[in-house]
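Written out below as structure tokens is the structure these notes cover.
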Amino acid sequence: MDRNIFTPEASFTIDELEARFPPRDLPAGACVTRFGPSPTGSMHIGGLYTSLVSRRVAHQSGGLFYLRIEDTDRKREVAGTVELILASLATYGLSPDEGEIADGKEIGQYGPYRQSERKPIYQSCVRWLLEQGHAYPCFASAEELQALRDAQAKHKVPPGYWGTWAIWRDKTAADVDAALAASQPFVIRLRSTGGRDERVTLPDTIRESLEFPANQTDVVLLKADGMPTYHLAHVVDDHFMRTTDVVRGNEWLASYPMHAEMFKLFGWVPPRFAHISPIEKNDGSSRRKLSKRSDPEASVGWYMEAGYPRDAVIEYLLNLIDGRFEDWRAANPGVSNEDFTIELERMNRAGALFDLAKLDSVSRDLVGAMSAGAIYDAALVWASDHASEFATRFGADGAYSQAILDIERHGERPRKDIVKWSDLAPDIGYFFDDTYAGLLPEAQTALAALQPAPPEGMLAAIAAAYDPALDRDQWLEWLRALGLSYGYAANVKAFKAAPDAFRGHFGDLAGALRIVLAARRNTPDLFELMQVLGKDRVVARLGAAAGW
RNA sequence: GGCCUGUUCGUCCAGUGGUUAGGACGCGGCCCUUUCACGGCUGAAACACGGGUUCGAAUCCCGUACGGGUCACCA
């Protein structure tokens with residue numbers, strides 16, 4: 001059987017492997033956790049969520065977090081995914097301490113960290129199981145397995161390769177040799193020891209303890225191509241990589257008894273398990289897992305492209321992990337979210353529904369607390385990757401861009417209008433002359449439709465008299481007086497008291513100026529806006545508009 | 001279908017036998033105001049259902065309903 005499934009290198013004894021991957025030298029209580037994505041095309045937000053939990057649990061205990069690429073299914077593998085995963089983790093500050101870090105480069109003594117390169121390790125372990133009688137070869141074809149399931153359905157018996165249904169479980173050596181001689185493809189299966197009505201109680205960090213029927217399935221350990229299944233790879237890797245805490249989605253709950261059985265047969269102490277609930281979304285009247293297929297926001301790339309600040313995504317996720325994070329954040333403004341302690345025991349058992357509005361709110365608050373310089377730096381990094389045209393404009397004059405961002409940002413109650421970096425281009429584009437030029441048609445239409453229309457000569461008069469040296473109060477006084485001379489009441493109250501006596505009120509005048517200067521009605525503070533635009537732009541734009 | 005698991009405002013959480021069931025996001029109103037955003041005040045909004053146990057149940061027990069997961073040579 002060795003000839004067509006085992007590689008010649010698969011000759012380690014268990015003791016040799018134990019010596020090669022010794023227990024880690026870490027302080028007592030330190031947790032070793034991992035993220036084990038399979039490289040099938042994209043990075044799911046759930047992977048980021050799991051990584052965040054795992055990494056924090058490890059770091060806050062003085063342990064480490066490693067990355068293991070679970071690429072045992074060559075059919076599903078999509079080139080470039082590992083790079084994408086690495087970039088996603090790096091973007092959100094979740095880079096692993098150990099494992100693959102960049103184009104094939106690894107750090108750590110417990111590798112290789114790609115399962116496809118660990119074949120000899122898995123196979124050596126399977127050899128041992130074979131020797132112990134805990135595993136056996138199975139030559140059943142896909143058709144035979146299907147026939148098996150059909151028969152089981154007919155007999156109303158649980159489907160699967162178990163008990164007396166496990167046709168190769170008790171074949172004689174002669175039968176095996178004959179199949180081998182005929183070069184039939186085969187797999188290696190676990191010889192399950194679970195009893196018919198046996199039940200097992202297994203610990204779980206989040207749910208305390210769980211009771212299941214014992215595993216009875218002779219699950220496939222080694223596939224016909226010699227690669228391990230997830231089940232075998234998980235048990236072998238988490239043992240030899242010395243994982244202390246497996247944090248994984250609760251879709252693994254059902255196979256937990258099987259994994260527990262394998263740890264037992266190997267004679268290994270299993271790690272602690274924390275099965276976390278997936279992030280879901282509403283779908284009509286029911287809820288379901290976020291799916292990469294139909295939900296763009298399921299993909300980490302979506303957040304990267306939109307330019308959500310790193311900590312916005314992280315803090316939103318921390319909120320899902322533990323609702324008390326929000327209170328902690330309110331009580332500890334400005335403190336790094338790394339100082340917030342995660343407790344697996346407190347994690348919610350039910351799946352959380354993804355809420356973009358909440359993410360936006362978290363992000364808005366976070367950006368609101370950032371300095372103009374910090375926003376500039378982060379946004380420029382984002383723009384150079386995702387919006388090159390904007391990056392050119394935005395980066396051309398850093399001082400000007402930062403002055404734009406600083407409008408209404410330096411006081412007690414900073415402006416909160418930026419959610420994500422991709423908001424920037426449409427929101428502040430008008431500060432840049434070339435973008436402003438493109439907006440002119442809209443501005444002209446808006447001004448023409450404006451009620452009350454600005455009177456003849458007023459814009460030119462404002463342009464002629466604008467003095468950027470005035471402070472805010474002086475500027476207001478000046479503009480109010482000028483407006484009054486053109487029939488604009490100084491405030492709404494005066495206007496409402498005698499609506500027929502005025503053309504409009506000061507707000508109407510400010511609205512007209514906004515349209516002309518910014519090509520839109522909604523802008524930050526007009527005084528600061530004009531300050532930042534500078535006298536030349538203000539005069540030029542007002543002057544041009546006088547002739548529209 | 002079997003097995004596992006879950007169910008407090010629309011959403012995320014708090015609540016571990018006695019609370020007017022609390023907060024946050026979102027939504028509505030009012031105020032502030034040169035628009036927008038901010039900020040302040042305020043409103044609507046929940047214990048899935050049915051039985052127990054108990055002086056008393058969102059909280060403990062049992063059922064029911066409805067979700068989710070899983071039953072692959074995918075992870």
Side-chain angles (χ1 to χ4, degrees), chain A residues 36-40 70-73 75-76 115 138 140 142 145 149 153 156-161 185-189 207 210-213 217 219-231 233-234 248-257 275 277-278 280-282 285-289 316 319-327 329-330 346 348-362 364-365 368 408 411-418 427 476 479-480 483 488 490-492 505-515 518 520-527:
Chain A
S38 56
T40 53
E70 311 212 329
D71 56 348
T72 54
D73 186 359
K75 296 182 294 293
R76 296 205 313 157
Q115 292 184 328
C138 165
L145 292 174
R149 280 189 286 272
K156 295 200 193 309
V157 137
Y161 205 89
F186 65 97
V187 300
I188 305 293
R189 287 181 182 272
R207 286 155 228 263
L210 298 157
E211 196 186 307
F212 303 88
T217 302
V219 66
V220 172
L221 265 20
L222 227 47
K223 303 187 263 188
D225 63 0
M227 280 289 203
T229 56
Y230 168 85
H231 310 294
H234 148 57
R248 55 168 22 171
N250 65 7
E251 70 268 21
W252 294 110
L253 232 24
S255 40
Y256 186 15
H275 291 95
S277 299
E280 303 174 331
K281 83 174 276 176
N282 258 338
S285 59
S286 73
R287 37 167 67 194
R288 48 152 240 258
K289 272 170 81 169
Y316 173 65
N319 255 324
L320 295 186
I321 293 168
D322 187 339
R324 294 174 314 169
F325 172 76
E326 203 161 44
D327 298 330
R329 172 43 85 212
R346 285 191 54 92
N348 217 57
R349 293 151 151 88
L353 226 43
F354 196 86
D355 186 355
L356 257 189
K358 180 80 178 187
L359 169 65
D360 282 358
S361 165
V362 168
R364 212 181 344 255
D365 281 343
E408 288 185 87
E412 280 287 291
R413 293 193 327 228
R415 195 172 176 77
K416 294 184 181 173
D417 53 349
I418 303 172
D427 282 0
L476 251 181
L479 194 58
R480 283 210 161 106
Y488 289 93
N491 56 55
V492 181
H505 58 80
F506 187 69
D508 297 321
L509 170 57
L513 286 180
R514 287 190 156 92
I515 290 175
R520 62 198 296 168
R521 294 297 295 266
N522 307 342
T523 80
D525 180 69
L526 188 55
F527 169 73

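Residue numbers start from 1 in every chain, and the chains themselves are labelled A, B, ... in the order their sequence lines are given, proteins ahead of strands.
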Can any side-chain N or O of [X] pair as donor or acceptor with the backbone N or O of [Y] at less than 3.5 Å?
| X | Y | value |
| --- | --- | --- |
| A:Asp508 | A:His505 | yes |
| A:Ser277 | A:Arg349 | yes |
| A:Tyr316 | A:Phe354 | no |
| A:Arg415 | A:Asp417 | no |

| query | Centres of the A:Tyr256 and A:His275 rings: under 6.0 Å? | reply | yes
N/O (side chain, [X]) to phosphate O (OP1/OP2, [N]) under 4.0 Å:
| X | N | answer |
| --- | --- | --- |
| A:Arg349 | B:rG6 | yes |
| A:Lys75 | B:rA75 | no |
| A:Thr72 | B:rA75 | yes |
| A:Arg329 | B:rC25 | no |
| A:Arg413 | B:rG40 | no |
| A:Arg480 | B:rU34 | yes |

Value for OG1 (A:Thr229) from NE2 (A:His234), rounded to nearest 0.5 Å, stands at 10.5 Å
Rounded to the nearest Å, what distance is computed from the [atom1] atom of residue [X] to the [atom2] atom of nucleotide [N]?
| X | N | atom1 | atom2 | value |
| --- | --- | --- | --- | --- |
| A:Phe212 | B:rG69 | CZ | P | 16 Å |
| A:Glu408 | B:rU34 | CD | C1' | 11 Å |
| A:Glu251 | B:rU70 | CD | C1' | 10 Å |
| A:Asp71 | B:rC73 | CG | P | 20 Å |
| A:His234 | B:rC74 | NE2 | C1' | 16 Å |
| A:Ile418 | B:rC38 | CD1 | P | 13 Å |
| A:Ile321 | B:rC12 | CD1 | C1' | 13 Å |

Closest approach to the side chain of [X], judged atom by atom: which nucleotide of [options] is it?
| X | options | answer |
| --- | --- | --- |
| A:Arg207 | B:rG6, B:rC36, B:rC4 | B:rG6 |
| A:Asn348 | B:rU5, B:rA14, B:rA75 | B:rA14 |
| A:Ala350 | B:rG6, B:rC73, B:rU70 | B:rG6 |
| A:Val187 | B:rC73, B:rA14, B:rU35 | B:rC73 |
| A:Arg149 | B:rC12, B:rA72, B:rC74 | B:rA72 |
| A:Leu145 | B:rC12, B:rC36, B:rC73 | B:rC73 |
| A:Asp73 | B:rC73, B:rA37, B:rC74 | B:rC74 |
| A:Ala357 | B:rA75, B:rC4, B:rC25 | B:rC25 |
| A:Lys416 | B:rC13, B:rC36, B:rC38 | B:rC38 |
| A:Ala510 | B:rA75, B:rU34, B:rC73 | B:rU34 |

Per nearest nucleotide of RNA chain B, the residue lying toward the 5' end, A:Pro159 or A:Asp525, is A:Asp525
RNA chain B nearest-nucleotide lookup for A:Gly511 and A:Glu326: closer to the 5′ end is A:Glu326
Give [X] one of three labels, base, sugar-phosphate or nothing, depending on what nucleic acid heavy atoms sit under 4.0 Å from its own.
| X | value |
| --- | --- |
| A:Leu526 | base |
| A:Ala140 | base |
| A:Gly507 | sugar-phosphate |
| A:Asp417 | sugar-phosphate |
| A:Leu359 | nothing |
| A:Pro414 | sugar-phosphate |
| A:Pro158 | nothing |
| A:Glu211 | sugar-phosphate |
| A:Thr523 | base |

Under a 3.5 Å cut-off for both distances, is [N] Watson-Crick or wobble paired, and to whom?
| N | result |
| --- | --- |
| B:rA65 | B:rU7 |
| B:rC55 | B:rG18 |
| B:rA46 | none |
| B:rG26 | none |
| B:rU35 | none |
| B:rG1 | B:rC71 |

In sequence, state the C-alpha distance, the side-chain angles, and the governing distance for A:Asn319 and A:Phe325, and then conclude on side-chain contact (heavy atoms from CB on, under 4.5 Å).
CA-CA 6 Å; A:Asn319 255 324; A:Phe325 172 76; 4.1 Å; yes
- Message: Is it the case that B:rU35 (base atoms only) and A:Arg521 (side chain only) share a donor and an acceptor within less than 3.5 Å, ignoring hydrogens and angles?
- Response: no
message: With a 3.5 Å cut-off and heavy atoms only, can you find an N or O donor on one side and an acceptor on the other between the side chain of A:Arg520 and the base of B:rC36?
response: no
Practice task
Please determine if A:Lys416 and A:Glu408 form a salt bridge, counting it only when a charged side-chain N lies under 4.0 Å from a carboxylate O.
Solution key: no
Notebook entry, point to check: Any ion pair linking A:Lys75 and A:Asp73 (charged N to carboxylate O, less than 4.0 Å)?
Noted result: yes
Give me the distance, rounded to whole Å, that separates [N] from [M] when you measure between the [atom1] atoms they each carry.
| N | M | atom1 | answer |
| --- | --- | --- | --- |
| B:rG10 | B:rG1 | C1' | 34 Å |
| B:rG67 | B:rU8 | P | 15 Å |
| B:rC62 | B:rG6 | P | 13 Å |
| B:rA44 | B:rC25 | C1' | 16 Å |
| B:rA45 | B:rA21 | P | 14 Å |
| B:rC71 | B:rA75 | P | 12 Å |
| B:rG28 | B:rC74 | C1' | 49 Å |
| B:rG52 | B:rG39 | P | 50 Å |

| So A:Arg76 and A:Thr40, side chain to side chain donor-acceptor pair (under 3.5 Å) or not? Walk me through it. | CA-CA 6 Å; A:Arg76 296 205 313 157; A:Thr40 53; 5.0 Å; no
